[in-house]
Every structure is written in C-alpha cells, then in structure tokens.
Amino acid sequence: MKATGIVRRIDELGRVVIPKEIRSTLRLKSGDPLEIFTEKDELMLKKYSPIASLEKFSEGTAKSLNDLSGHLALICDTDEVLYAAGAGRREVHGKSISAAMDRILEGRRSYIASLSSGERIIPITENAASPVTAQIIVPIVSGGDCLGAVALVSTEQGAKMEAGAIKLAQLSATILANQFD
C-alpha cells in the first residue's frame, strides 16, 4: 500500500472525503460503488467491479466469443480490459480503457465501425499498439447502470464485422447484464 500523506477527519455522519487528486488517479466518479475491506487496524477502499466478480463466467465468455467469431474478444469493466481472448490479447489485457471508450460506455449505445467503410475506429485502451481495422463495442447495461462492455476487434486488412459476430457480442453483453438483475 502506498502512503499519500493526506489526512482526513471523519465527520459526525461517518463520512470521509476522498481528495480529488486520488479520485482522478483512480478514475472514481460520483456514484461509483466502493468495496470496503478491513484487516486489523487498516481500512481499504476498492472500486467495485461487478464484472470482475463473474471471473470464470466472463473469462469463459471471452474465450467462446473468440472461438465462435475468430476475432479478438474483450470483456471490460468501466476501467480496464478484464479478460481478452485471441491473437493480441497480451497487448490489451489489464490495460486501462481509453477516454473514447469511456464515452461509448457513458452513452450506453453499441458502436460498430470498420476502416474499409470509412468509419472511425475507437481505441479500446490507452496507447493501443495494434492497428484495429474493424470493431464492435456493446455496453453491458444492468438496471440502467453501465457495468462494462463486450468488444470484438479485428486487425485484418479490409475486415468488417459480420452480422453473426455483432449478434454474438450483443447476446454476450445481454447474458452478462442479466447476471445482475
């Protein structure tokens, strides 16, 4: 654990203000759920990721999507790529999502694009290395909250997301969202 040197007092209602610099660094926004852990005399707050709580299910979903579509399959929460399956998975696994991807999630709408059709490709992660040529991003929405996304990406020249791959991504996002209803 890293010491920040910041000290805050607990108010009469038991509240503590998390400094803006720490909220920015950890990408905490108003309304984000936090998990609370204790150990002896220590208190730890961690941003809660419902998608991460479905570890085996999400990982299996990414593998199945890759097997069925042939594209790199990603399962993200609102901060990072949690699971990736397919060629190029090491380049994206565990990486923070990009600001553009964050805007897609905030909009709660699917995004489909291919370079061969002249559409704009959204970088999934910050400092993305691979040249993506086609993509589908489907937000995982449950109870009005965006929990993350399912994405399929291709790096093949002239690639387009076929209807079957689009339906697979949409179905996977729906199934993941239904785990929280």
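Only a predicted model underlies this, so the values are computations on that prediction, with no experimental measurement involved.
- In this structure, the side chains of I175 and F57 come closer than 4.5 Å at one or more pairs of heavy atoms.
- Tracing side-chain contacts under 4.5 Å through hydrophobic residues (I, L, V, M, F, W, Y), one never reaches L168 starting from V132; they form parts of separate clusters.
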**Request:** I would like to know whether I18 and L45 meet side chain to side chain contact (heavy atoms under 4.5 Å, CB included); could you show each step before the answer?
**Result:** CA-CA 10 Å; I18 300 170; L45 301 175; 4.1 Å; yes
**Request:** Please step through side chain to side chain contact (heavy atoms under 4.5 Å, CB included) for the pair I6 and I22, ending with a clear verdict.
**Result:** CA-CA 10 Å; I6 299 170; I22 293 175; 3.9 Å; yes
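- For P123 against A100, the heavy-atom pair with the smallest separation is CD-CB, 4.2 Å.
- V150 and M161 fall within the same hydrophobic cluster, where Ile, Leu, Val, Met, Phe, Trp and Tyr residues are linked whenever their side-chain heavy atoms come under 4.5 Å apart, directly or through other members.
- R108 places a side-chain N or O within donor-acceptor distance of the main-chain N or O of G144, the cut-off being under 3.5 Å.
- In the hydrophobic clustering of this structure, I137 groups with L74; members are Ile, Leu, Val, Met, Phe, Trp, Tyr whose side-chain heavy atoms approach within less than 4.5 Å, directly or through other members.
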**Message:** One pair to check against side chain to side chain contact (heavy atoms under 4.5 Å, CB included): K29 and D102. What are the steps and the verdict?
**Reply:** CA-CA 12 Å; K29 298 181 279 280; D102 200 32; 4.1 Å; yes
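- When side chains are defined from C-beta on, H71 counts as touching E162, because their heavy atoms get closer than 4.5 Å.
- Interatomic distance, OG1 of T125 versus NE2 of H93, reported as 12.5 Å (0.5 Å rounding).
- The heavy-atom pair separating A165 from L152 by the smallest distance is O-CD1, 3.4 Å.
- When all heavy atoms of S58 and I75 are compared, the pair lying nearest together is O-CG1, 3.6 Å.
- The CG atom of L147 sits 9.0 Å away from the CG atom of L176 when rounded to the nearest 0.5 Å.
- Cluster annotation: I140 and V153 are assigned to distinct hydrophobic clusters (Ile/Leu/Val/Met/Phe/Trp/Tyr, side-chain heavy-atom contacts under 4.5 Å, transitive).
- Going from atom CD1 of I166 over to atom CD1 of I112 covers 4.0 Å, rounded to the nearest 0.5 Å.
- Contact check for Q179 versus S142: no side-chain heavy atoms found under the 4.5 Å cut-off.
- A donor-acceptor pair under 3.5 Å is formed between the side chain of N178 and the backbone N or O of T174.
- Checked by atom type and distance alone, the side chain of Q135 never pairs as donor or acceptor with a backbone atom of I121 at under 3.5 Å.
- When side chains are defined from C-beta on, L34 counts as touching L28, because their heavy atoms get closer than 4.5 Å.
- Linking Ile, Leu, Val, Met, Phe, Trp and Tyr whenever their side-chain heavy atoms come within less than 4.5 Å puts Y111 and M101 in one cluster.
- Taken to the nearest 0.5 Å, the CG atom of L68 stands 8.5 Å off from the OG atom of S172.
- Atom CG of L72 sits about 9.0 Å away from atom OG of S154, to the nearest 0.5 Å.
- What you find for A134 and A159 is that their closest heavy atoms are CB-O, 3.5 Å.
- Other residues, nucleotides and ligands place no more than 12 heavy atoms under 6.0 Å from the CZ atom of R109.
- Taking 4.5 Å as the limit, every side-chain heavy atom of V92 sits out of range of all side-chain heavy atoms of I124.
- What you find for A99 and E126 is that their closest heavy atoms are N-OE2, 3.2 Å.
- Side chains of L105 and I97 form a contact here, defined as non-hydrogen atoms less than 4.5 Å apart.
- Summarising the geometry, atom CD1 belonging to I136 is positioned 5.5 Å from atom CD belonging to Q170; distances are rounded to the nearest 0.5 Å.
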